[in-house]
Amino acid sequence: MGYNQQQEDTWKHLNEHISEWVEESKQHTSKGLVASYIPELANAPQDILGICIMDASGNTVVGGEFEFRFTLQSISKVFTLILALMDNGEDKVFSKVGMEPTGDNFNSMLKLELVEPGIPFNPLINAGAIAISSLIVGNGPKEQIERILLFFREIADNPTLEINQDVFQSESDTAHRNRSLAYFLKHNGVLDQAVDDVLNVYFSHCSVDVTCKDLARMALVLAHDGIDPIRNQRMIPRRFVQIAKTFMTTCGMYNASGEFAMHVGLPAKSGVSGGILTMVPGRYGIGAVGPALNRKGNSTAGVDLLSTLSQAYDWSLF
Ligand code: GLN
């Protein structure tokens with residue numbers, strides 16, 4: 001059987017089975033809880049699950065509540081990392097953040113004090129992403145936020161992406177822990193700008209509203225090593241996509257990244273709104289959402305659905 005025939009068969013099979021798989025995985029929503037530490041996020045429905053899988057021509061397979069809107073939250077960290085790399089190059093970025101998983105929760109500050117030189121362990125934990133926000137080029141937070149939004153719109157091929165002001169305000173009003181992380185980083189010499197300005201940038205990129213289709217579209221560019229296969233255009237240097245995918249594999253699901261690599265085996269990034277962005281390298285971009293989270297902050301039903309798919313089609317890279 002030829003390669004194309006096999007891909008066509010997979011696509012057809014996906015189309016036929018996605019609804020039943022979504023229904024099965026949806027049962028896992030009852031095992032999780034919707035995030036409430038950002039009060040606005042607590043309004044999300046507990047029992048939904050949606051997915052969009054996009055191929056290199058832009059065809060999609062969708063299932064469940066795929067039209068549900070949610071904020072990027074930590075998924076945005078992948079793309080701010082890439083923009084910071086494009087703005088500053090590798091050496092500067094990795095003078096401010098490390099390259100290792102922590103094994104701690106995403107908002108932990110433990111290792112900042114325990115391990116010299118007091119820089120965040122990696123760019124995908126909160127401390128690291130706050131440091132990355134400070135590296136985005138721009139004359140002040142307003143310009144930095146505009147540049148980030150333009151970059152996200154460009155990668156998602158969606159000029160309508162906007163910041164959800166209610167979620168932004170809700171996080172900004174209650175982010176005592178992230179504020180303390182940022183002050184700690186400022187003390188350690190990691191942040192050049194004022195703490196409030198950096199956090200303003202960080203909360204803004206976490207608050208960009210998307211759907212599963214936007215995630216799938218953004219992931220498609222990563223799946224094709226920085227070339228958008230639909231517009232046939234290089235969007236990101238290959239090396240920076242390689243760096244992003246490496247971190248997604250080792251740290252993208254926080255301290256459940258090892259477990260996710262075991263069961264799904266694909267580079268991925270989750271967010272506390274319940275979104276997961278992942279991809280089948282060289283083939284599909286995938287976006288999923290299920291707001292009920294496990295204790296590590298990942299969507300219970302989303303992770304379950306991705307394991308089912310990965311096992312059904314032997315998608316694991318390992
Ligand atoms: N904005 C959220 C925070 O900083 C992002 C965390 C997440 O999605 N895990 O807490």
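We count ligands from 1, going down the list as the structure has it; atoms in each ligand are counted the same way. Keep in mind it's a predicted model, so treat the numbers as computed, not measured.
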| query | Residues in salt bridge (Lys or Arg N to Asp or Glu O under 4.0 Å) with Lys12, at least two apart? | reply | Glu16
| task | Indicate the ring-plane relationship of Tyr284 and Trp11, choosing parallel, tilted or perpendicular according to the 30° and 60° boundaries. | result | tilted
| field | Presence of salt bridge, Lys186 and Asp196, under 4.0 angstrom | value | no
| note | In short, ring-ring contact (aromatic ring centres under 6.0 Å, His included) pairs touching residues 184-215 with sequence neighbours left out are Tyr202-His205
Ligand 1: which protein N/O atoms lie under 3.5 Å from its N/O atoms?
from     : atom 1 : to     : atom 2 : distance (Å)
ligand 1 : 1 (N)  : Gln73  : OE1    : 2.6
ligand 1 : 1 (N)  : Glu171 : OE1    : 3.0
ligand 1 : 1 (N)  : Glu171 : OE2    : 2.8
ligand 1 : 4 (O)  : Asn126 : ND2    : 3.2
ligand 1 : 4 (O)  : Glu171 : OE2    : 3.1
ligand 1 : 4 (O)  : Asn178 : ND2    : 2.7
ligand 1 : 4 (O)  : Tyr202 : OH     : 2.6
ligand 1 : 8 (O)  : Ser74  : N      : 3.0
ligand 1 : 8 (O)  : Ser74  : OG     : 2.6
ligand 1 : 8 (O)  : Val272 : N      : 2.8
ligand 1 : 9 (N)  : Ser74  : OG     : 2.9
ligand 1 : 9 (N)  : Tyr254 : OH     : 2.7
ligand 1 : 10 (O) : Tyr37  : OH     : 2.6
ligand 1 : 10 (O) : Asn126 : ND2    : 3.3

| request: Establish, yes or no, whether the cationic atom of Lys269 lies under 6.0 Å from the six-membered ring centre of Tyr254 and within 45° of the ring axis. | output: yes
| Other than Leu150, what residues sit in its cluster of Ile, Leu, Val, Met, Phe, Trp and Tyr side chains whose heavy atoms are under 4.5 Å apart, directly or through others? | none
